[in-house]
Amino acid sequence: MAPVITIDGPSGSGKGTIANRLATRLGWRCLDSGALYRLLGYAAEQAGVELTDGQGLAQLAMDMVIDFQQEKVLLNGDDVSLVIRTEQAGNAASKVAALPEVRAALLQWQRACAVDPGLVADGRDMGSVVFPEADVKIFLDASAEERARRRYNQLIEKGLSANLGSLIAEIRERDDRDRNRSVAPLKAPDGALIVDSTALTIDEVLERVMDRVRETLPELK
Ligand code: DC
């Protein structure tokens, strides 16, 4: 199997940014597994499939035609890059992600992304379930307040309205659901380097991650 680096952590911990930067630096592919759950949550709402209907959702997951392009993601040919980033899609994603049938349906799809020269995979269960044999495992965390503040700044920058108090409450609620579900709960996998990014810049986080990558895979610079 191609080399794999996993980056797990809660929503807003910065794992997407770090995974992308790392993949670009190494010239590897990047898998945003959260986007898969977001695509499914969105597709279910569009198709009128209940977010609790495990079998219906698993079928929908197998029927989705997904195309990750440079800057955008297509679902059955439509550009859904923006709509899957909304809080509504994030909440739907968190609900469908709690169902074992859904996780099983998406497992092989994710494993098939591990191709040469290598894969950086970001999500909640990359190091524990999807790629337990990964070469390097990172768990990126940050306080709920800091993650809500980052999200708030992103929304304001885009000219959208936002309320910090309700963002903190939503993040806590989603964390609770992700950490306490019975299948693939969010937690640091064994052997992972835990990085708390609350008080770190993106470059500082990336350097800590790169130190671990160089230690484990010295052939990479
Ligand atoms: O990282 P994100 O916010 O885009 O993820 C959206 C939701 O999908 C989140 O609530 C948890 C879920 N998820 C998951 O259960 N497993 C993954 N590997 C990735 C995301």
Which atoms form the tightest heavy-atom contact between Met62 and Ala105, and what is the distance?
CG-CB, 4.4 Å

State, with a plain yes or no, whether a side-chain heavy atom of [X] is found less than 4.5 Å away from one of [Y].
X: Met64; Y: Leu39; answer: yes
X: Leu220; Y: Met210; answer: no
X: Asp125; Y: Phe131; answer: no
X: Val209; Y: Leu140; answer: no

Across all chains, not counting sequence neighbours, the salt bridge (Lys or Arg N to Asp or Glu O under 4.0 Å) partners of Asp8 are none

Tell me, please, which residues at least two apart from [X] pass side-chain contact (heavy atoms from CB on, under 4.5 Å).
X: Ile156; answer: Tyr152, Ala162
X: Thr216; answer: Val136, Arg212
X: Asp67; answer: Gln69, Leu74
X: Arg179; answer: Pro10, Asp141, Arg147, Asp175, Leu186

Count the heavy atoms of every other residue, nucleotide or ligand shown that sit under 6.0 Å from CD of Glu215, and state whether that count exceeds 12.
yes

What pairs of residues pass the salt bridge (charged side-chain N to carboxylate O under 4.0 Å, His left out) test when at least one of them lies in residues 74-100, not counting sequence neighbours?
Asp32-Arg85, Glu87-Arg151, Glu87-Arg174

Going by salt bridge (charged side-chain N to carboxylate O under 4.0 Å, His left out), name the pairs with one or both residues in residues 187-209, residues two or more places apart or in two chains.
Arg21-Asp203, Arg25-Glu207, Glu207-Arg214

If the condition is side chain to side chain donor-acceptor pair (under 3.5 Å), which residues does [X] pass it with, not counting sequence neighbours?
X: Ser166; answer: Asn163
X: Asn20; answer: none
X: Glu170; answer: none

Name the atoms and distances for all side-chain donor-acceptor pairs under 3.5 Å in residues 107-123, with sequence neighbours left out.
unit_1: Gln110; atom_1: NE2; unit_2: Leu106; atom_2: O; d: 3.1
unit_1: Arg111; atom_1: NE; unit_2: Val130; atom_2: O; d: 2.9
unit_1: Arg111; atom_1: NH2; unit_2: Val129; atom_2: O; d: 3.0

Can you confirm whether the side chains of Ser33 and Arg38 place a donor and an acceptor under 3.5 Å from each other?
no

Applied to residues 40-54, the side chain to side chain donor-acceptor pair (under 3.5 Å) test, sequence neighbours excluded, yields Glu45-Gln88

Under 4.5 Å between side-chain heavy atoms, counting indirect links through other Ile/Leu/Val/Met/Phe/Trp/Tyr residues: same cluster for Tyr37 and Val83 or not?
yes

